[in-house]
Q: 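If you scroll down you'll find the structure; I have some questions about it.
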Amino acid sequence: MSDQHSFETLAIHAGQEPDPLTGAVVPPIYQVSTYKQDGVGGLRGGYEYSRSGNPTRTALEENLAALEGGTRGLAFASGLAAEDCLLRTLLSPGDHVVIPNDAYGGTFRLFAKVVSRWGVEWSVADTSSPEAVRAAIRPETKAVWVETPSNPLLGITDIEAVATVAHEAGAKLVVDNTFASPYLQQPLALGADVVVHSTTKYMGGHSDVVGGALITADAGLGEELAYHQNAMGAVAGPFDSWLTMRGIKTLAVRMDRHTANAERVVELLVAHPKVTHVYYPGLPEHPLHEVAAKQMRAFGGMVSFRVAGGEEAAVEVCNRTKLFTLGESLGGVESLIEHPGRMTHASVAGSALEVPADLVRASVGIESADDLLADLTQALG
Ligand code: P1T
């Protein structure tokens, strides 16, 4: 599949050549752990053991690389498994990493509670300011980690500007592209070295699979990560890879609809007397709206807002919705709602990443926008 094709075409065809044996149009689920060798070392297509390589996973990995415009894609058992592999590839004891002041709680926990135990230092910066990132960099800084848009406050980082700052210091720029998806934003083209995904979210898109991915522009780094992927072992299984590919085929149409519905939800929330603040990069009053408009095709399906009446009022809104399902995660076709302070971001309590107690996060699905607005209206009361 040529890289010249447009995103929608690549999503459906990249890495998805009809099966050479049967012509099956969809890559089969190779539910297998090992492969017959034609004499010792006589591998068919390079496959020897499914941790090291599996044809269904290969199909997904080629697809991921094409969609992010990278040279190498790697699929993992979860987003955090991908992050763990990346951190332990890039960092050694004594190294330092700059992390954002807004990020998924589990990502923060990985830095604060796990990787730090191996002698890796981290400090927090407001990555929406390239100057703040520059100020946080130390001689030992090996990586700058960015989420844009960020979870849950929909903060925006100027990828191009922060890539320059990181590279001047000899550090790599990692961008978690989970909230945007490659349809809306392609960090490698803006100078990022590695893209991270929780494919559990928009890529899979149907709340039926947990997975993660790393995509790199540089083939050497891709090789190093592939080595660690195999050495550490948290690979995506064949069925999970297949489900993720199935989701990706409709990514473009889903993201268009997520965005259109989110814009309707934002309109409602901005005008609502019980809502004190709306976080959405598509709003002209978002502090980095212009940067978002420059680096994103559209603004996506995630919306956060604060509710008058504090934490209890925010929790009540989450409890009262009927169509927006109360639950963690995001990016599926069905709308979800949650209270980050008590749910997805409980692990950042007391840290520089603490989220407002009156915050509600909505993952706007692709149901009828009118039905979604009616549900939020009754929940806000
Ligand atoms: O859950 P997992 O597939 O391991 O991915 C972790 C992860 C990484 N990056 C971002 C931006 C994420 O949002 C997540 C997971 N987030 C949720 C489960 C959530 O509800 O926010």
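Both ligands and their constituent atoms are indexed starting at 1 by order of listing. These numbers were taken from a predicted model, which means no experiment stands behind them.
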Q: Where is the nearest protein heavy atom to atom 13 (O) of ligand 1: which residue, which atom, and how far?
A: N151 ND2, 3.0 Å

Q: Answer side chain, backbone, both or neither: which part of L330 comes under 4.0 Å from ligand 1, heavy atoms only.
A: side chain

Q: Report the distance from atom CD of E334 to atom OG of S329, rounding to the nearest 0.5 Å.
A: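 If I round to the nearest 0.5 Å, the distance is 9.0 Å.
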
Q: Please determine which of Y183, F179, Y202 meets the ring-ring contact (aromatic ring centres under 6.0 Å, His included) test together with H258.
A: Y202

Q: Using a 4.0 Å cut-off to any heavy atom of R361, which atoms of ligand 1 qualify?
A: 19 (C), 20 (O), 21 (O)

Q: Under 4.0 Å from a heavy atom of E83: give me the atoms of ligand 1 that qualify, with their elements.
A: 8 (C), 9 (N)

Q: Which heavy atom of E311 sits nearest a heavy atom of R342, and at what distance?
A: OE2-NE, 2.8 Å

Q: Short list, please: which atoms of ligand 1 are under 4.0 Å from a heavy atom of D176?
A: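 Atoms satisfying the 4.0 Å criterion: 8 (C), 9 (N), 10 (C), 11 (C).
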
Q: Out of T107, L80, L336, whose heavy atom sits nearest atom 4 (O) of ligand 1?
A: L80

Q: Could you measure the distance from the CG atom of D95 to the CG atom of L90? Nearest 0.5 Å is fine.
A: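 If I round to the nearest 0.5 Å, the distance is 9.0 Å.
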
Q: Return yes or no for this condition: an N or O of Y104 is under 3.5 Å from an N or O of ligand 1.
A: no

Q: Can you find an N or O of V210 that's nearer than 3.5 Å to an N or O of ligand 1?
A: no

Q: How far is atom 2 (P) of ligand 1 from the closest protein heavy atom, and which atom is that?
A: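 Answer for atom 2 (P) of ligand 1: G79 N, 3.4 Å.
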
Q: Just checking K274: does its NZ atom have more than 12 heavy atoms from other residues, nucleotides or ligands closer to it than 6.0 angstrom?
A: no

Q: Check contact between S329 and ligand 1, using heavy atoms of the residue and a distance below 4.0 angstrom.
A: yes

Q: Against heavy atoms of E147, which atoms of ligand 1 measure under 4.0 Å?
A: 11 (C)

Q: Which of the atoms of ligand 1 are close to G211, meaning less than 4.0 Å from one of its heavy atoms?
A: 3 (O)

Q: Relative to the heavy atoms of T200, which atoms of ligand 1 are at a distance of less than 4.0 Å?
A: 3 (O)

Q: Output the list of atoms in ligand 1 that are nearer than 4.0 Å to some heavy atom of K201, sorted by atom number.
A: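 Selected atoms, number and element: 1 (O), 14 (C), 15 (C), 16 (N), 17 (C), 18 (C).
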
Q: Within this structure, what is the CD-CD distance for the pair Q229 and E61, rounded to the nearest 0.5 Å?
A: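 Answer rounded to 0.5 Å: 5.0 Å.
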
Q: Side-chain heavy atoms nearer than 4.5 Å, only ILVMFWY residues, links allowed to pass through others: does that put L153 and Y280 together?
A: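 L153 does not cluster with Y280.
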
Q: Holding to side chain to side chain donor-acceptor pair (under 3.5 Å), I want the full list of residues that pass it with R117, two or more places apart in sequence or in another chain.
A: none

Q: Give the table of side-chain donor-acceptor pairs shorter than 3.5 Å for residues 235-243, with sequence neighbours excluded, one pair per line with atom names and distance.
A:
{"unit_1": "S241", "atom_1": "OG", "unit_2": "G237", "atom_2": "O", "d": "2.9"}
{"unit_1": "W242", "atom_1": "NE1", "unit_2": "P27", "atom_2": "O", "d": "3.3"}

